Every structure is written in structure tokens, then in C-alpha cells.
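Here's the structure, in C-alpha cells; my notes come after.
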Amino acid sequence: MPRMEWKDSFSVGVPAVDHEHKELIDLVNRLGAALTDGGDADAAFGDLFRGISAHFALEEKFMREEAYDQLAQHKADHERLLDELRDIMSDYESGTGDQADRMIAALDHWFTEHFKTHDARLHSRLGAHPH
């Protein structure tokens with residue numbers, strides 16, 4: 001299974017936020033390895049979902065505190081990814097499809113677009129969110 005790799009295009013220009021995003025990519029890769037190598041995919045799915053959800057919650061809290069003008073659009077994009085992850089997890093539980101490749105493709109596309117658009121705008125306007 002292909003690993004998801006950090007790309008310069010993912011950078012939002014804030015080292016602490018880029019570090020958090022790299023940690024999320026590590027969770028994606030751990031899940032991919034569990035799916036393809038027979039590891040504990042249930043635990044890896046949980047870790048990824050919790051990691052992404054926690055990152056989104058912190059980011060959304062920061063946007064609310066700063067009265068960020070694009071909060072609704074940014075939050076909606078977060079919800080789209082969480083919904084897609086839930087669908088992939090559901091398919092895994094039912095034994096349908098190739099979740100590893102599907103997950104990598106979905107997350108690679110989402111990270112590229114979300115980081116380049118929503119996160120780059122957010123962090124260029126407001127800086128880093130508190131960690």
C-alpha cells in the first residue's frame with residue numbers, strides 16, 4: 001500500500017500547525033499499515049478518527065474565539081472528511097472495498113485541498129492556534 005507522504009504543498013506556513021498535520025499523516029500511515037499487514041485496524045481507525053477530530057475541535061474553537069469569517073465553510077469541510085472516514089470505517093467493518101487505498105486517496109486529496117485553501121487562509125490571517 002502506498003504511504004501518504006508530507007508534501008511542501010501541505011504546509012500552511014506555521015511550523016506548529018504543520019507539525020500537527022504531519023502527526024495526522026503518521027496516523028494515516030499507521031492505519032494503512034494495520035489494514036495491509038494484519039495489524040489492529042480497529043485501534044488504528046480509532047486513533048486516526050480521534051486525532052483528526054481533536055485537531056478539528058481545537059481549530060474550530062480557535063476560529064470561534066477569533067470570530068473567523070470563514071468558520072462555517074471551514075467546519076463544513078471538516079465534517080465532509082469525518083463523514084468520509086466514517087464511511088470507510090463502516091465499509092471496513094462490513095468487509096467491502098479496499099479501505100487502505102481508498103483512505104490514502106481520499107486523505108491525500110483532502111489534505112492537499114484543505115491545507116492549501118482553508119488552513120492556509122486561516123493561519124495566514126490568524127496565525128497558529130493554541131496547542
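If you're wondering where the values come from, they're calculated on a predicted model, not measured in any experiment.
Residues Leu107 and Leu85 form a side-chain contact, since some pair of their non-hydrogen atoms from C-beta on lies under 4.5 Å apart. The shortest side-chain heavy-atom distance between Leu31 and Asp47 does not fall under the 4.5 Å cut-off. Side-chain contact between Leu48 and Arg30: absent, with no pair of heavy atoms (C-beta onward) separated by less than 4.5 Å.
Atoms CG and CE, on Leu24 and Met4 in that order, are 9.0 Å from each other to the nearest 0.5 Å. For the atom pair CG (Leu82) and CG (Asp87), the distance works out to 11.0 Å, reported to the nearest 0.5 Å. If you take CD on Glu66 and CG on Leu71, they are separated by 12.0 Å, rounding to the nearest 0.5 Å. Note: Ser53 OG to Leu58 CG = 12.5 Å, rounded to the nearest 0.5 Å. With values rounded to the nearest 0.5 angstrom, Phe45 atom CZ is found 5.0 Å from Leu35 atom CG. To the nearest 0.5 Å, the span separating CG on Asp77 from CH2 on Trp110 amounts to 5.5 Å.
Between the side chains of Glu23 and His19, at least one donor N or O sits under 3.5 Å from an acceptor N or O. Counting only N and O atoms by type, the side chains of His21 and His55 include a donor and acceptor under 3.5 Å apart. In summary, the side chains of Glu113 and His118 do not present any donor paired with an acceptor at a separation below 3.5 Å, with no hydrogens or angles considered.
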Checklist entry - Stepwise, does the side chain to side chain contact (heavy atoms under 4.5 Å, CB included) test hold for Arg121 with Tyr68? => result CA-CA 10 Å; Arg121 182 181 190 277; Tyr68 183 58; 2.9 Å; yes
Next on the checklist: Quick one, Met63 with Leu122, criterion side chain to side chain contact (heavy atoms under 4.5 Å, CB included). Give me CA distance, side-chain angles, the key distance, then yes/no.
Outcome noted: CA-CA 8 Å; Met63 288 187 278; Leu122 169 67; 3.5 Å; yes
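Checked against a 6.0 Å centroid threshold, the rings of His114 and His78 count as neighbours.
By the 4.0 Å N-to-carboxylate-O rule, Glu84 lies too far from Arg80 to be salt-bridged with it. Checked for salt-bridge contact, Arg3 and Glu5 meet the test: a charged N lies under 4.0 Å from a carboxylate O.
Judged by distance alone, with hydrogens and angles left aside, the side-chain atoms of Ser90 form no donor-acceptor pair with the main-chain N or O of Arg86 at under 3.5 Å.
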